[in-house]
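Note that ligands are numbered from 1 as they come in the structure, with each ligand's atoms numbered from 1 the same way. The figures here come from the full heavy-atom set of this structure, side chains too, leaving out hydrogens, waters and symmetry mates. One-based numbering along the sequence shown.
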Amino acid sequence: MDATDLADAVYEAISRRRDVRAEFTGEPMPPATLHRMLVAAHSAPSVGLSQPWDFILVSAGTTRARFKDHVDNERRVFAESLPAERARTFVPIKVEGIMESTLGVVVTYDPERGAPAVLGRHAIADAGLYSTCLAIQNLWLAATAEGYGMGWVSFYREPFVQHLLGLPDRVRPVAWLCLGPVEKLQEVPDLERHHWRARRPVEAAIHLETWSGDVASRGASDQ
Ligand SMILES: Cc1cc2nc3c(=O)[nH]c(=O)nc-3n(C[C@H](O)[C@H](O)[C@H](O)COP(=O)(O)O)c2cc1C
């Protein structure tokens, strides 16, 4: 593959990727494909090469049903915190595909991996968590490239998942990911389709030189 084709393929996967909740078919995934995607996740950059993530593959219906009950309850907690109008907008929004997806992948973070001298983490403890999130994003893009879908579920309390999956106390469940074949990937994020929130233009996120972008006065005060 030449550089242009590679760039096209990468940008295409990035733009096709969606958070999936409603479109899972529940069809099986070939083990070799699942393994390829996990290798991609495990290839993520990590602070001090700590690779602080683990992937717990959850297919058991009973475990998933217990998690789904917990998530439903957290959904209620969130809904009850909303003002009436936001609560109405929230009603049709699906926040998970736990039972419909083919597989749950719980990605965890172990702060002791490679510790105590994690190169690059002495000043920013969160760098380990950032690394774990990069593994998740690699998995998300790999799933998209395979024609699958993935959805991140964060409507849970960490101690519940720690207990459900028997995690050591120090290990944090960073994400419950719903993974598998899908009918299609939506072109527009669910939250935008349901008028929860619109995407921000990239121009609003780009700042020149300083947060305020006030290049001229900043330059003057530097002198
Ligand atoms: C840290 C994190 C947590 C998220 N938690 C949930 C969740 O609990 N339920 C859900 O439906 N989507 C969840 N999402 C997906 C976001 O809602 C989604 O990424 C966003 O609306 C943009 O849509 P897109 O991913 O399709 O571009 C989460 C995403 C991230 C990065």
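There is no protein heavy atom closer than 4.0 angstrom to atom 20 (C) of ligand 1.
The shortest N/O to N/O separation between E96 and ligand 1 does not fall below 3.5 Å. Between S154 and ligand 1, an N or O atom pair is found at a separation short of 3.5 Å. Between D190 and ligand 1, no N or O atom pair is found at a separation short of 3.5 Å.
Close contacts between ligand 1 and D19 involve ligand atoms 10 (C), 11 (O), 12 (N), 14 (N), 15 (C), 18 (C), 19 (O), 24 (P), 25 (O), 26 (O) [criterion: under 4.0 Å to a heavy atom]. Under a 4.0 Å criterion applied to the non-hydrogen atoms of V153, ligand 1 contributes the atoms 7 (C), 8 (O). For ligand 1, the atoms lying closer than 4.0 Å to a non-hydrogen atom of R18 are 24 (P), 26 (O), 27 (O). Short contacts between ligand 1 and R21, defined as distances under 4.0 Å to a heavy atom of the residue, involve ligand atoms 10 (C), 11 (O), 12 (N), 15 (C), 16 (C), 17 (O).
A salt bridge links R16 and E12; the closest N-O separation between the charged side-chain nitrogens and carboxylate oxygens is under 4.0 Å. Using a 4.0 Å cut-off between charged nitrogen and carboxylate oxygen, K68 and E100 do not count as a salt-bridge pair.
Within the 6.0 Å centre-distance limit, the rings of W176 and F67 are counted as a close aromatic pair. Ring-centre distance between F160 and H70: below the 6.0 Å cut-off.
For the pair W140 (side chain) and M150 (backbone), a donor-acceptor distance under 3.5 Å is present.
Not a single heavy atom of Q186 sits less than 4.0 Å from an atom of ligand 1.
Classification of the H42-W53 ring pair by plane angle, with boundaries at 30° and 60°, yields perpendicular.
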